[in-house]
> 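One structure coming up, written as C-alpha cells, with questions to follow.
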Amino acid sequence: MSRTTAGLSPGLKQRHLSMIALGGVIGAGLFVGSGAGIAAAGPSIVVAYAISGVLVMLVMRMLGEMSAANPASGSFSVHAERAFGPWAGFTAGWAFWFLLCVAVGLEGIGAAKIMTGWFPGTPEWAWVALFMVVFCGTNLAAVKNFGEFEFWFAALKVGAIVLFLGIGVLAIVGVLPGTDAPGTANLTGAGGFFPHGSEGLIVGLLASVFAYGGLETVTIAAAESEHPVQGVAKAVRTAMWRIALFYIGSMAVIVTLVPWGDKAVVEKGPYVATLDHLGIPAAGQIMNVVVLVALLSAMNANIYGASRMAGSLVARGQGPQALGRLYGGVPRPAVLVSCVVGFGCVLLSYWSPDKAFIWLLNTIGAIILVVWFFIAASQLVLRRRTEREAPEKLVVKMWAFPVLTWVALAGMAAIFVLMAREEGTRVQLYYTGALTLVLAVAGFALQKARGDRGETATAAVAEDAAVEDALTRDAVADKA
C-alpha cells in the first residue's frame with residue numbers, strides 16, 4: 001500500500017477552507033463569460049442560473065457527505081474508486097487533472113491579455129510565464145502559503161461581488177444618487193422575460209452550468225486542513241447558499257438594470273456594462289483589476305488541485321511513482337508537471353490556435369459534467385455502505401436520499417441531451433466523451449494488469465484514507 005498522500009501537511013485553517021470554497025468558483029466565467037449567456041437567454045438567465053445552481057448544490061452536498069466521511073486529497077476520484085473500482089477513480093481523476101491543467105493555461109492567457117492592455121507592446125507569453133513561475137513557486141512551498149494567497153484573492157473577489165450587489169440593489173430601489181428606479185422595464189420589455197424562448201433558456205443554462213465549476217477544490221484541500229471532517233462539513237454548508245446568492249443575485253441585478261440586448265454586456269462584460277450604465281467612475285479599470293485577481297486566483301487554485309489529484313492517483317498506483325513524491329509535505333513533481341502542461345497549452349494557443357488549441361478547448365468542454373456524474377453515482381453506492389458499516393461518519397447527509405440523488409443524475413442526463421441538440425456544444429460532448437472512453441479503457445486495462453478486484457481496491461483505498469486521516473490528526477496533536 002502506498003502512503004504517499006498520507007504525508008501531506010495539515011497546513012490549512014478553517015478560514016482558508018471557507019474562502020477556497022467561496023472563491024474557487026468565482027472566476028472569469030462569472031465576471032466576463034456570463035455576458036454570452038445573458039445575450040442568449042435575456043432576463044431568463046436568472047432562471048438558468050437558478051436551475052443550474054440547484055444542481056450544483058445537490059452535487060456539492062453529495063460530495064460534502066462523502067468527503068466528510070472519508071477526507072482524502074483525491075476527493076471524488078477516491079470516492080469513485082471505493083464505489084466502482086480502480087478504473088472509475090482513474091477515469092474521474094485523470095480527466096479532472098487534464099481539465100485543471102488546460103484551465104491553468106486559459107486563465108494565464110486571460111490574465112496576460114489584461115496586462116498587455118495596461119502595458120502595450122509586451123508579449124503575452126512573457127506575462128503567462130511570469131504568472132506560472134509565481135504560482136508554481138507558491139505551490140512548491142508549504143500548503144499554508146497556497147492557503148494564504150487563495151484566502152486574500154478570494155476575499156477580494158467576494159468583497160467585489162458584495163459591493164456590486166449592494167450598489168445594484170440601491171440602484172434598483174432608486175436611492176443611488178443620480179439614478180432612477182428601473183422598475184420591470186428591462187425584465188419585460190424587448191421581447192419579454194424569455195425573448196428567445198426555450199432555445200435561449202437552454203443556451204443560457206448550458207453556459208451557467210460550466211460557470212459553477214471549481215467548487216470541487218475545497219474537498220481536495222480539506223485533506224490538508226487541521227480538522228478535515230469538521231472543516232469540509234462547515235465549508236460546504238456555508239458555501240453553497242452564498243455562491244447561489246452571488247451568482248443568481250448578480251444576474252438578477254444585471255438584467256434588471258441594463259437592457260439585455262446592450263452590446264456592452266458581451267463586449268465589456270456584464271459587470272462593467274452595469275457599472276458604466278450607473279455612471280460609476282473608472283468602472284472598466286476597477287473590474288479589470290477584479291477580473292485579473294479572479295484569473296490569478298483560479299490559476300493558483302487549479303495548480304494546487306491538479307497537483308493533489310495527480311499525487312493521490314499515483315499513491316493509489318494509477319500513475320508514475322515519481323510524480324507523487326513528497327518534499328516537505330508537498331508533491332513538488334506533480335506541481336511542476338501540472339505547470340509545464342498548463343504552459344504547454346498556452347504555447348499551443350500560439351503555435352496552433354485553429355487546430356490543437358481548439359481541440360483542447362472542445363475536449364475539456366463537458367469534463368465537469370462527467371465528474372459530477374461520478375460524484376452522484378458514487379454517493380448512491382457509498383451512502384448505503386456507510387450506513388451499514390460506519391453510520392457515525394455521516395456528519396453531512398445528502399437531503400432526501402436517494403430521491404434527490406436520482407434527481408441530480410436525471411438533471412445531468414438532461415444536460416447531456418441538451419448539449420447533443422445544440423450545434424455549438426455537440427462537438428464538445430463528442431470530444432469529452434472520447435477522452436472519457438479512452439481513460440476508462442486505460443483504467444480497466446491497468447486494473448486487469450494489476451489483478452485488482454473491486455473489493456480489494458475498495459479496502460486498500462479505505463485503508464489509505466484512514467492512514468492519511470490518522471496521520472493528519474496526529475500531526476495536529478503534535479503541534480498542539
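We use all heavy atoms of the structure for the numbers below, so side chains are in, but hydrogens, waters and symmetry mates are not.
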> Within the distance-only criterion (no hydrogens, no angle test), does the side chain of S297 pair as donor or acceptor with the backbone N or O of V293 below 3.5 angstrom?
no

> Can you check whether W359 reaches L348 side chain to side chain, under 4.5 Å on heavy atoms?
no

> List the steps, then state whether side-chain hydrogen bond (donor to acceptor under 3.5 Å, both in side chains) holds for T122 with W127.
CA-CA 8 Å; T122 54; W127 287 110; 2.9 Å; yes

> How many angstroms lie between CG in L313 and CE in M309, if you round to the nearest 0.5 Å?
6.5 Å

> Apply the test side chain to side chain contact (heavy atoms under 4.5 Å, CB included) to residues S34 and I45: give CA-CA distance (whole Å), side-chain angles for both, the deciding distance (0.1 Å), then the verdict.
CA-CA 9 Å; S34 55; I45 191 69; over 6 Å; no

> Take V78 and N70 through the side chain to side chain contact (heavy atoms under 4.5 Å, CB included) test and state the conclusion after the steps.
CA-CA 9 Å; V78 172; N70 291 288; over 6 Å; no

> I would like to know whether L205 and S208 meet side chain to side chain contact (heavy atoms under 4.5 Å, CB included); could you show each step before the answer?
CA-CA 5 Å; L205 177 62; S208 65; 4.1 Å; yes

> Please name the pair of heavy atoms, one in M412 and one in A376, separated by the smallest distance, quoted to 0.1 Å.
CE-CB, 3.9 Å

> Below 4.5 Å, heavy atoms only, C-beta onward: do L165 and F246 meet side chain to side chain?
yes

> Any side-chain heavy atom of L360 sitting closer than 4.5 Å to one from I364?
no

> Classify the angle between the aromatic ring planes of Y247 and Y49 as parallel (below 30°), tilted (30 to 60°) or perpendicular (above 60°).
tilted

> Can you tell me if F343 has over 12 outside heavy atoms packed within less than 6.0 Å of its CZ?
yes

> Ignoring hydrogens and angles, tell me if any N or O in the side chain of N300 forms a donor-acceptor pair with the backbone of L296 under 3.5 Å.
no

> Hey, are E148 and R15 close enough for a salt bridge, meaning a charged N less than 4.0 Å from a carboxylate O?
yes

> Can you give me the closest heavy-atom contact between A420 and R426, atom names plus distance?
O-NE, 2.6 Å

> Would you find a donor on one side and an acceptor on the other, under 3.5 Å apart, between the side chain of T425 and the backbone of M419?
yes

> Do T405 side-chain atoms and F401 backbone N/O form a donor-acceptor pair below 3.5 Å?
no

> So, the side chain of R383 versus the backbone of E65: is there a donor-acceptor pair under 3.5 Å, distance only?
no

> Within a strict 4.5 Å, meaning less than it, do heavy atoms of the N139 and V330 side chains meet?
no

> Hey, are the side chains of Q447 and F90 touching, using non-hydrogen atoms and a 4.5 Å cut-off?
no

> P402 pairs by side-chain contact (heavy atoms from CB on, under 4.5 Å) with which of L380, V407, L409?
L380

> Can you tell me if T432 uses its side chain to pair, donor with acceptor, with the backbone of T363 under 3.5 Å?
yes

> Atom CG of L156 and atom CZ of F151: how far apart are they, to the nearest 0.5 Å?
11.5 Å

> I'd like to know if the side chain of S312 pairs up with that of R316 as donor and acceptor (distance under 3.5 Å, no hydrogens or angles considered).
yes

> Answer yes or no: does atom CH2 of W351 have more than 12 heavy-atom neighbours from other residues, nucleotides or ligands under 6.0 Å?
no

> Between atom CH2 of W399 and atom CG of L58, what is the distance when rounded to the nearest 0.5 Å?
6.5 Å

> Verify the distance criterion only: is there a donor paired with an acceptor across the side chains of S250 and Y271 at less than 3.5 Å?
yes

> Enter the distance from M398:CE to L382:CG here, rounded to the nearest 0.5 Å.
14.0 Å

> Of all the heavy-atom pairs spanning I109 and S349, show the shortest one and how long it is.
CD1-OG, 3.5 Å

> According to ring-ring contact (aromatic ring centres under 6.0 Å, His included), does anything in residues 293-318 pair up with another residue at least two apart or in another chain? List the pairs.
F146-Y304

> Quick one: side chains of residues 94-106, donor-acceptor pairs under 3.5 Å with protein atoms, not counting sequence neighbours, listed by atom name and distance.
| unit_1 | atom_1 | unit_2 | atom_2 | d |
| --- | --- | --- | --- | --- |
| W94 | NE1 | Q318 | O | 2.8 |
| W97 | NE1 | S338 | OG | 3.2 |

> Show the nearest heavy-atom pair for residues H16 and G147, with the distance to one decimal.
CD2-O, 3.4 Å

> So, the side chain of R61 versus the backbone of K397: is there a donor-acceptor pair under 3.5 Å, distance only?
yes

> I'd like to check I114 versus L295 (side-chain heavy atoms, cut-off strictly below 4.5 Å). Are they in contact?
yes

> Do you know which two heavy atoms are closest between I303 and F135, and how far apart they sit?
CD1-CB, 3.9 Å

> Please give me the minimum heavy-atom distance between S307 and P331, naming the atom from each residue.
O-CG, 4.1 Å

> When rounded to the nearest 0.5 angstrom, what distance separates CD1 in I248 from OG in S52?
7.5 Å

> What I'd like to find out is whether the side chain of R308 reaches to under 4.5 Å of the side chain of V335, using heavy atoms alone.
yes

> Does any part of the side chain of Q379, heavy atoms only, come nearer than 4.5 Å to the side chain of F76, both counted from C-beta?
no

> Tell me if the CH2 atom of W152 is crowded by more than 12 foreign heavy atoms within 6.0 Å.
no

> When you look at Y327 and L140, which way does the side chain to side chain contact (heavy atoms under 4.5 Å, CB included) test go after all the steps?
CA-CA 9 Å; Y327 298 88; L140 287 173; over 6 Å; no

